[in-house]
Each structure stands twice: as structure tokens, then as C-alpha cells.
Amino acid sequence: MQRAKTKTKTRVFSGVQPTGNLHLGNYLGAITKFVALQAEHDCLYCVVDLHAITVFQDPDELAKNTREVTAAFIASGIDPGRHIVFNQSQVSGHAELAWIFNCVARIGWLNRMTQFKEKAGKDRENASAGLYVYPNLMAADILLYHATHVPVGEDQKQHLELARDIAQKFNNDFAKTIAREGYEGGFFPLPEPLITGPATRVMNLRDGTRKMSKSDESDMTRINLTDDADAIAKKIRKAKTDPEPLPSEAKGLETRPEADNLVGIFAGLAETSKEAVLRDFGGSPFSKFKEALAELAAAKLNPIGEEMRRLMADPVEIDRILDDGARRAHAIADPILAKTKDIVGFIRS
Ligand code: TYM
């Protein structure tokens with residue numbers, strides 16, 4: 001019946017936090033996937049400003065970073081006319097559904113989230129309550145649109161599993177009213193994570209055992225989307241490696257995290273596999289490989305950086321795109337939120 005309609009239709013949702021320093025990990029782990037999925041699916045791509053403030057953000061910086069992520073989406077090839085690009089705080093349903101999910105998710109589930117442990121660090125008492133319930137908001141982002149597929153990097157896998165648990169528990173807890181409303185097989189679909197390709201976890205250039213991150217103090221650990229060719233070449237030249245030449249097969253990368261990372265980055269940028277990269281570079285010294293990688297990275301990223309700068313010069317146009325996206329996001333979210341309220345037993349006019 002009604003549910004059967006949403007079940008057969010795929011819908012992609014994903015989000016990126018506007019917390020500055022968009023980097024190669026965000027690009028290869030997420031944004032390139034967003035671009036590719038546009039051909040076959042209806043997509044919503046969200047600049048998640050509500051998530052960003054779980055750690056204090058300077059208000060002027062937050063607005064600038066929100067426009068910058070929007071510009072990065074568009075410069076990378078996301079079409080805001082055919083798909084939906086918006087910032088989360090303009091659609092209040094995210095916060096409303098998150099509250100309902102705060103009451104569905106169990107504290108024990110949240111206590112297992114490794115990202116909270118990492119971000120809160122030793123001073124957990126001093127972390128914001130928002131940082132703790134952040135995964136419930138992320139579940140709300142996805143389920144507010146009955147999204148079925150969620151492209152993300154490897155680090156978001158656990159949050160996606162939690163979103164599935166929340167959907168499942170909601171469907172069970174409210175099975176009676178869900179059936180009464182005429183939905184078969186549950187109200188919320190269980191979203192599928194899409195974590196694919198050779199660069200789902202891009203690592204820190206100075207330490208192949210740590211993730212490339214926006215918040216790392218040293219800019220030399222990451223390649224930013226707005227870095228110019230010289231900065232990219234310098235960072236790759238100085239990236240940590242080991243003394244051996246590159247292996248000829250992917251198996252040879254297993255105990256070499258830095259080599260594995262650079263080969264994965266090359267494969268991601270060249271849209272090929274690590275095996276194919278090693279067919280070309282197996283036996284080469286890092287000096288030669290790094291030169292080719294710097295050239296490839298600059299060729300791919302510099303046009304994006306330039307287009308981002310051009311778009312950022314017209315903030316009024318970016319705000320118009322976000323406003324239009326929010327309007328179209330509302331049109332999908334509002335009926336789903338209204339039904340959720342009926343299912344929970346809230347009276348509405
Ligand atoms: P965020 O803003 O930290 O990162 C955005 C996307 O980039 C991916 N990513 C990486 N991929 C590979 N290697 C890396 N080093 C790397 N660093 C980041 C992330 O996995 C992510 O896909 N909670 C999310 C944002 C979010 C969201 C959502 C995502 C909020 N609501 C709903 C999907 C669906 C986050 O903090 O991503």
C-alpha cells in the first residue's frame with residue numbers, strides 16, 4: 001500500500017559538516033560518490049550545520065563554511081537544479097525527528113559510539129550534550145526523507161548501523177499504529193550504507209595509522225580542496241613513506257600503511273583500483289610515484305578549488321541555491337514528519 005511506494009523508490013541522502021578545511025578524504029570518501037549517484041537516483045545533499053555546532057563554532061565562520069561546502073558540492077559536479085542541496089537548519093523537521101529518536105535510541109547504544117569517545121576525549125563531562133546524541137540527529141537526517149542509500153566514508157559506518165537500529169526499533173515500538181495507518185513492512189526503511197572504492201578511509205599524510213581530518217592542527221597532514229598545485233606538491237613530497245619501492249601487488253601494501261594510503265589516494269583520484277595503480281608503479285621508488293601523484297591531484301583538485309572561489313565570490317547566489325533546496329527538501333520531509341507524528345500519537349491540526 002502506501003509503504004510499498006516508498007519501498008521500491010531509491011533515495012540517496014548524505015551530509016557534510018561545515019567545519020572548515022574540506023579535504024581529500026571528504027572528496028574521495030564522500031563527494032565523488034555523491035556526484036556519481038546523481039545519474040541513477042534522486043539525491044539530497046545536506047550541509048549539516050546543526051551537527052557542526054555540537055562543537056562550538058564561531059558564527060561568522062559557520063556561515064562562511066556553510067557556503068564553502070555548498071560551493072564544493074557544486075564545483076565537484078553536483079547539480080542543485082536536478083537534485084537537492086540545502087543546509088540542515090532550514091528544515092526544522094531534522095530537529096523534530098531527532099527529538100523523537102532521542103526517545104527511541106537507548107543510552108547503551110550511544111555509549112558504544114567510537115566517534116563520540118574520540119571527539120569527547122578524556123574530558124567527557126565537558127562535551128556538549130549535542131555531541132552525545134549526534135548519531136540520533138544523523139538518523140533523523142536520513143529517515144526524515146525515507147532515504148534508502150547513504151554514501152559515506154568508512155568512519156560513518158557505525159552511525160549508519162545505529163540509524164538502522166533506530167528505524168527498526170521505531171517500526172517495532174509503533175507497529176500497531178503503523179499498521180493502522182496502512183503501512184506494510186514498517187514505516188521507516190532501513191538505510192543502506194554505500195562505502196565503496198579504494199579511498200573510503202583516507203589517512204593522515206604524516207601518520208598512516210590516523211585518519212585525515214579537518215581538525216588536525218597541522219595543515220601538512222591533509223590536502224585541502226582549495227590548496228594550489230604548489231601546496232599539494234609540497235605536502236605529497238613531505239608525506240611519510242618507507243624506504244622500500246612500491247610493491248607490484250596490493251597484498252604487499254598490507255603492512256605498509258603510508259604506502260597503502262598514497263596508492264589508495266592515487267586510485268581514488270584516477271578512478272581505478274589499487275591493483276591497476278601498482279601495475280603501473282610496482283617497483284618504482286616513492287620519489288617517482290609522488291611526482292605523478294602530485295600532478296594527478298593538482299589536475300583533479302585545482303579546477304574544483306578555482307570554481308569554489310568563483311562561487312564563493314557570489315554569496316547571494318549560494319544562499320539562493322540553499323533556500324531553493326530547503327524549499328524542495330521541506331516538500332519531501334513535511335508529509336513524512338506529519339505521518340510520524342500521527343504514528344507516535346501527537347495531535348496536529
Ligand atoms: P564529516 O563532515 O566528518 O565528513 C563528510 C564525509 O566525508 C567522509 N570522510 C572521509 N572519507 C574518507 N577518508 C577520510 N579521512 C574521511 N573524513 C571524512 C565522511 O565519512 C563523510 O561521509 N556525521 C557526518 C555527517 C552527516 C551525515 C548525515 C552523513 C550528518 N548527517 C546523514 C550521512 C548521512 C560527518 O560528520 O561527516
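When a ligand or atom number is given, it counts from 1 through the structure's own listing order.
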I'd like a table of the close N/O pairs between ligand 1 and the protein (anything under 3.5 Å), one pair per line with both atom names and the distance.
{"residue": "ligand 1", "atom": "2 (O)", "partner": "Gln17", "partner atom": "N", "Å": "2.9"}
{"residue": "ligand 1", "atom": "2 (O)", "partner": "Lys214", "partner atom": "NZ", "Å": "2.9"}
{"residue": "ligand 1", "atom": "4 (O)", "partner": "Asn26", "partner atom": "ND2", "Å": "3.4"}
{"residue": "ligand 1", "atom": "7 (O)", "partner": "Asn26", "partner atom": "ND2", "Å": "3.2"}
{"residue": "ligand 1", "atom": "11 (N)", "partner": "Gly25", "partner atom": "O", "Å": "3.1"}
{"residue": "ligand 1", "atom": "13 (N)", "partner": "Val202", "partner atom": "N", "Å": "2.8"}
{"residue": "ligand 1", "atom": "15 (N)", "partner": "Val202", "partner atom": "O", "Å": "2.8"}
{"residue": "ligand 1", "atom": "15 (N)", "partner": "Met212", "partner atom": "O", "Å": "3.0"}
{"residue": "ligand 1", "atom": "20 (O)", "partner": "Gly153", "partner atom": "N", "Å": "2.9"}
{"residue": "ligand 1", "atom": "20 (O)", "partner": "Asp155", "partner atom": "OD1", "Å": "2.4"}
{"residue": "ligand 1", "atom": "22 (O)", "partner": "Gly153", "partner atom": "N", "Å": "3.2"}
{"residue": "ligand 1", "atom": "23 (N)", "partner": "Tyr134", "partner atom": "OH", "Å": "2.6"}
{"residue": "ligand 1", "atom": "23 (N)", "partner": "Gln156", "partner atom": "OE1", "Å": "3.1"}
{"residue": "ligand 1", "atom": "31 (N)", "partner": "Asp141", "partner atom": "OD2", "Å": "2.6"}
{"residue": "ligand 1", "atom": "36 (O)", "partner": "Gln17", "partner atom": "NE2", "Å": "2.8"}
{"residue": "ligand 1", "atom": "36 (O)", "partner": "Tyr134", "partner atom": "OH", "Å": "2.6"}

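- By the 4.5 Å side-chain criterion applied to Ile, Leu, Val, Met, Phe, Trp and Tyr, Leu50 is assigned to a cluster that also includes Leu137.
- Alongside Val316, the hydrophobic cluster contains no other residue (criterion: ILVMFWY side chains under 4.5 Å).
- In summary, the side chains of His149 and Thr10 do not present any donor paired with an acceptor at a separation below 3.5 Å, with no hydrogens or angles considered.
- Checked for salt-bridge contact, Lys235 and Asp219 meet the test: a charged N lies under 4.0 Å from a carboxylate O.
- Taking 4.0 Å as the cut-off between side-chain N and carboxylate O, Glu118 and Arg210 do not count as a salt-bridged pair.
- Among residues at least two apart or in separate chains, salt bridge (charged side-chain N to carboxylate O under 4.0 Å, His left out) pairs with a member in residues 273-296 are Asp260-Lys274.
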